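It should be emphasised that the depicted structure is a prediction, and the values quoted were computed from it without experimental measurement.
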Amino acid sequence: MDLSRLKWPLIIIVVVGVGWLVTDGGVKYLRAKFTEGEVGVDPKQDEYNEAGLSKLAGFLMFTFRYASAEEVLLDAMERYPEGKNFLHNKYRLAKCAEKQGRYDECVQHLVELRDMDAHQYTDEVPEHDILQRRIDNLVEVHELGEVGKV
């Protein structure tokens with residue numbers, strides 16, 4: 001049986017499908033998929049959903065959609081406060097706040113991560129000194145006053 005005639009229609013379907021996932025409709029679909037169901041019923045499903053939300057937020061940040069990424073991060077953090085990606089998501093939340101011009105909020109998130117030494121729990125959050133340097137830079141550049149000193 002010759003399947004070579006199906007090659008191009010299948011390629012087109014895959015490209016259109018992936019393209020749709022990049023649109024707002026696709027993002028809403030994925031967000032709904034990862035937030036359906038009750039938290040705590042199936043630990044494996046919870047881990048899968050948290051990872052899915054975290055990856056979706058990362059994709060949205062990569063495509064410069066920081067407001068949408070922030071909503072997804074807040075969903076993930078609210079649903080899974082003890083989740084594997086919680087601290088990394090909090091760090092990403094700080095980045096989203098910074099990119100949207102909310103520097104006070106960004107500094108507040110970074111100070112919380114610095115104070116708890118979040119790097120000891122996950123390598124995806126920078127070390128204490130790097131967080132402090134970032135806080136100092138934000139405070140100086142945006143004239144926020146004396147914020148986040150230890």
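- For Glu105, the side chain to side chain donor-acceptor pair (under 3.5 Å) criterion is met by Arg102, not counting sequence neighbours.
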Quiz item: Where do Lys90 and Val125 land on the side-chain contact (heavy atoms from CB on, under 4.5 Å) test, with the steps shown first?
Solution: CA-CA 9 Å; Lys90 186 162 186 68; Val125 176; over 6 Å; no

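- For the pair Glu50 (side chain) and Lys84 (backbone), a donor-acceptor distance under 3.5 Å is present.
- Hydrophobic cluster membership differs between Ile130 and Leu138, with clusters built from Ile, Leu, Val, Met, Phe, Trp and Tyr side chains linked at under 4.5 angstrom.
- Annotation for Asn85 and Ala51: closest pair ND2-CA, 3.8 Å, computed over non-hydrogen atoms.
- In terms of hydrophobic clustering, with Ile, Leu, Val, Met, Phe, Trp and Tyr side chains grouped at heavy-atom distances under 4.5 Å, Val15 and Trp8 are assigned to a common cluster.
- Arg92 contributes a side-chain N or O that, together with a main-chain N or O of Ser54, makes up a donor-acceptor pair within less than 3.5 Å.
- The shortest heavy-atom contact between Leu93 and Leu74 is CD2-CD2, 3.8 Å.
- In this pair, Tyr29 and Trp20 present their aromatic rings tilted. The plane angle is within the 30 to 60° band.
- Put simply, the side chain of Thr122 never gets that close to the backbone of His119: no donor and acceptor are under 3.5 Å apart.
- Nearest heavy-atom pair across Tyr80 and Leu53 is CE1-CD1, 4.2 Å.
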Quick one: side chains of residues 33-43, donor-acceptor pairs under 3.5 Å with protein atoms, not counting sequence neighbours, listed by atom name and distance.
from	atom 1	to	atom 2	distance (Å)
Thr35	OG1	Arg31	O	2.8
Thr35	OG1	Ala32	O	3.4
Asp42	OD1	Lys44	N	3.3

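- Residues satisfying the side chain to side chain donor-acceptor pair (under 3.5 Å) test with Lys95, not counting sequence neighbours, are none.
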Exercise. Using the side-chain hydrogen bond (donor to acceptor under 3.5 Å, both in side chains) rule, take Asn49 and Gln45 through it: C-alpha gap first, then chi angles, then the decisive distance, then the call.
Key: CA-CA 6 Å; Asn49 287 341; Gln45 186 65 42; 3.0 Å; yes

